[in-house]
Amino acid sequence: MGNDKTPQQKLDYNLLFILFLMAIISAIAIDSAEPSLPLKLQEVNFAQKQLMWYGVGAFVIAATMIIDYDRFFQIAWYLYGFGMLLLIGLELKVPGTQTIKGATSWYSLGPLGNFQPSELMKIFMIIVLSRIIVNHREKNPNPTIQDDFKLLGKMVLATFPPLLLLMKQPDLGMSMVFTAILGSLLLVSGIRWRIIFGIIFSGIFVTATLVFIFFKFPDFFHKYILKEYQLDRFYGWLAPYEYSNEQGFQLIRSLLAIGSGELYGKGYQNLEVYLPEAHTDFIFGIIAEQFGFIGASIVISLFFLLVYRMIHTALESHDLFGSYLCAGVIGMITFQVFQNIGMTIGLLPITGLPLPFISYGGSSLATYMIAIGLVLNVRSRTKKFMFSSDRQ
Amino acid sequence: MKKKKKPQVPFRLNMLFFVVFLLFSALILRLGVVQIVYGEHYRKEVERTENVTVSTPVPRGKIYDRYHRVIVDNTPLNAITYTRSQTTKPEETLEIAQKLAQYIEKPTDKITERDMKDYWILTRPEKAKAKIPKAEREKLQKKWKKEELTNKEIDKKLYELTLERITEDDLKEIKNDELEVLAIKRELDSGYALTPQIVKNKEVTNDEYAVVSEHLEELPGVSTTTDWERHYVYGNTFRSVLGSITSSEEGLPRERLEYFLARDYSRNDRVGKSYLEAQYEDVLHGQKAKVKNITDKSGNVIETKEIYKGQRGKDVVLTIDIELQQKVEKIIEEELMIAKRGGGRELLDRAFVVMMNPKTGEILSMAGKLYTRDEHGKVKLKDYALGTMTSAYAMGSAVKGATVLTGMQTGVIQPGTVLRDEPLYIKGTPVKKSYETMGAINELTALQRSSNVYMFKIAMAIGNAKYRPHHSLPIDPEAFTIMRRYFSQFGLGVKTGIDLPNEIIGFPGNSKLPGHLLDLAIGQFDMYTPLQLAQYVSTIANDGYRMKPQIVKEIREPNNDDHDGTQLGPVIRGFEPVVLNRVDMKMEYIERVQEGFRRVMQTPRGTAGAFFAGKPYRPAGKTGTAEAFYDGPIKSKFMTPTRNLTLVGYAPYDDPEIAFSVVVPWAYQSERNSYPINKKIGEKILDAYFELKQKRISEAQTESSSVPSDSDMSMTEEDEQ
């Protein structure tokens, strides 16, 4: 069997179907969240707009698929440079930047709304890191442990500049996504397990040390490490009832909404608990309250299936670059899903990350669509052999 | 570039997938815990979570005089209140108003035209709709939609248009009984959510109260409680210092809204807005009772929790002796009336008295009266006790004690220094002299007979001036600073430190001409308040220790068990006497001035000897007559030369227990019309003080022999009758 099919014919319909289900869930969830929005926002039909964005997203996917993903390999560093320029623009607060809730993370695009360059940068980051790994692998077919460290160094070095800019915005959630992308690509890059475990253990060690200092030498901790107000996020997460700060309040409302949904949910549009940011960050709460554990589990499973399809693509691809792209996308989506849902059920501290594909928001949806486009692109250009020779 | 994969890549991808699996499993697991294990708990929490906290006002603290007689009390009133929730709709309040109207009478005088129009629209929806015909309505809606107005804004505009189109005739449809409903509804709507709003608290009859209480069930939000009205037991006495509180319509004063809201006040709370009521607001205002109503989803109260029982405000005990205060005020009134009968005294309109304990600074009486006429030309004497600390006058010779002490301290005179009292001729100024030429005198005589020239010579010596008759008199302007510095040690020209707001420091003159230095020495340049004058004489009486004047003696816990108000709760905070400073002068110097003051009052040649010689309480003091210029309310008489009469003193001279100042500004214009109102008032208030003291001692004796407890109190009441 040769590669005689056009890319369009080799579309991954399973994945597209999952995406279609996501669009429906998103529209239903946003629609039911609308009554609990502030009055000035109730005039806007967010569900309709979201579907429109999905329509735009279809074009984005198509556009991403037209170009062979090898082209992305070639222009990886240009994309990276472009993304960095946009981020630096934010840092310098050039005209057109938008500051919302103290974070300068957006450009205003007039009637199209606000555009968050870090969303695009995630994709560019995945492409650049994948390229770095591929190049490194080509140069060192039999890597020594020094080579592994070199690779690690290169990858960290590439991730560091955008990460620094994101921290300064400040955008904690987004910085964590970048770290997650780096982590997932490190895992698949093939560097030695001991390095990976070394990183994990040193992470655990640092955290443990910080916790130790916090309890044993609180003055030192507050003076040199984190200020009291920066800890609010953690207080709100670990003890929402004692620390009724903003995060604590949001977590309590969210737990009430989700918990009271119980197994079967309260039914469509039966919402009792007011949730802040119901149509964006806390959309999962809306779903879990209306459709209960069953509905919420279905949504999570759908995400799992989505990831499964991507893993499938990554495994089938004969091309390292293609596999790495998929791995990066998987890391990005998994982390965002885990972080967003995790924060609504008190598993993680609250940060402002939307739930991929479900939360309302044009620029984030467009980004995931590009990511999906990348994965579909990889799949459509994977040659299938009857006798796969790369499995040994 | 497509190459064969390294074998480890699929394995690593599977590891990645495994991690994803773990993470998602964690999510599902945790979701299960939240929704299934604790689901019921959260559901119950949601069902009972929409609860409301209602705080009910408590009475303010009372104000007592030093002998625990109530000066400011609370009168309980029957009240009908209404508490609305955040979601109450106009239709609901209308229904409640209609029901309430059957049970209570409500005056309809506060209704505005707008109220009537709103009511008309609410009760006649069909007619109101007809005010804007359908075609027009649609046209307008379209037009406004184009202007990108929200639905809410459009509704508002339509409503406003309807209001405009309601005619007088339409409003005439509203009958009288409806007006009452409207008046009640108006009150119901004016409150803030979750804050009890008084619907009626004036003249609620027992019948009304009972009937409403019986029907509370059908009147959600309505309750019958007790409201409190501030009652000033002694009427106008001391009223201006006691201050006042806002009405519940006024609510919190706008300029301090944030301050009060942050302290858990409601917007319609009554708070102190001036003087004592304002100064001790923190103490006087109570802790509100807080009740939490826990309701289920449909709004039925399933549980009522008392969060805080509430406590009425703490009581303030003043240092004022209200009986003395009443007498003093009466004396001032009588003397003012007598003085006003004579001619040439048309500028006289006020008199002040401050009496304090020189050893502790406790103010026993602080009185001021203003002689005014109302619009019908009838004489009215208004309370102006505040003037004792918020207005200042030239005090004249009363300050000479400070001048003599300043002279001794700067070394220009010694105890017993003899100077010649003679007319001083200074170039460019009218002759400076005493009212009679006294010849060679020492400082005791200078005080006794109130020599001006003796004081002038002290001032000239301080200013290093060489007096040569008919020449100009150059002085060192530094002398002003020196004299004012020593004067301020007695409280003259500085804050006395009384625990009331808005005290002024007087008005220092701003020229530094030599003639003015001489005027300063006899109290005719800088202006002081009557309270400063009292503090000055207290300082001399108290051997040079300047005490902080105090009007609040202690703060007491409210006594909740006590219903007739005679037993006070325990003291929370007592105010100890505060020494502000000790003057620099040696005791030896002060004793000379004390002796001079004694001679003023106890020897026939003393300027006040005619009034006080032979008094059993052996007073000491100093008179003052300032040649002043009128600066009072009659603008056309501005700068008319006039006389301010003052008197300061204390008694008994050897162990003072009371010090006082009397100030009568603008008493008369020329000596022809002179009338010693200062000495008359001074004599009477001292008599009154010692009579009261005697009375209290004899009462205490009868009390100790026969048991009855509050004879003190009953005697007071008899006195009033």
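Labels below follow one simple rule: chain letters A, B, ... track the order of the sequence lines, proteins then strands, and each chain is numbered from 1. Being a predicted model, the structure only gives us computed values, none of them experimental.
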| task | Could you check which of A:Gly265, A:Ser184, A:Ser297 has the highest count of heavy-atom pairs closer than 4.5 Å to chain B? | result | A:Ser297
| said: Nearest 0.5 Å, please: how far is CE in A:Met155 from CD1 in A:Ile133? | reply: 3.5 Å
| task | Can you tell which part of A:Ile330 gets under 4.5 Å to a heavy atom of chain B, answering side chain, backbone, both or neither? | result | side chain
| field | Euclidean distance, A:Leu355 CG relative to A:Asn340 CG, rounded to 0.5 Å | value | 4.5 Å
| request: Tabulate, in ascending numerical order, the residues of residues 15-33 of chain B having at least one heavy atom closer than 4.5 Å to a heavy atom of chain A, or enter 'none'. | output: B:Met15, B:Leu16, B:Phe17, B:Val20, B:Phe21, B:Leu23, B:Phe24, B:Ala26, B:Leu27, B:Ile28, B:Arg30, B:Leu31, B:Gly32
| note | When the 4.5 angstrom heavy-atom criterion is applied to A:Tyr264 and chain B, the contacting part is neither
| Say you draw a straight line from OG1 of A:Thr144 to CZ of A:Arg192; how long is it, rounded to the nearest 0.5 Å? | 6.5 Å
| query | Would you call B:Lys117 and B:Glu113 a salt bridge, using N to O less than 4.0 angstrom? | reply | yes
| message | Regarding A:Glu262 and B:Lys44, does a basic nitrogen lie under 4.0 Å from an acidic carboxylate oxygen? | response | no
| message | Ring of B:Tyr259, cation from B:Arg256 - is the NZ or CZ under 6.0 Å from the centre and inside 45° of the axis? | response | yes
| query | Between A:Tyr324, A:Tyr308, A:Phe335, which residue shows the highest count of heavy-atom pairs closer than 4.5 Å to chain B? | reply | A:Tyr308
| said: Please classify the contact of A:Ala288 with chain B as side chain, backbone, both or neither, using a heavy-atom distance under 4.5 Å. | reply: both
| task | Answer yes if the side chains of A:Ser254 and A:Thr344 hold a donor-acceptor pair under 3.5 Å, and no otherwise. | result | no
| remark: CD1 (A:Ile333) and CE (A:Met310) are apart, to the nearest 0.5 Å, by 3.5 Å
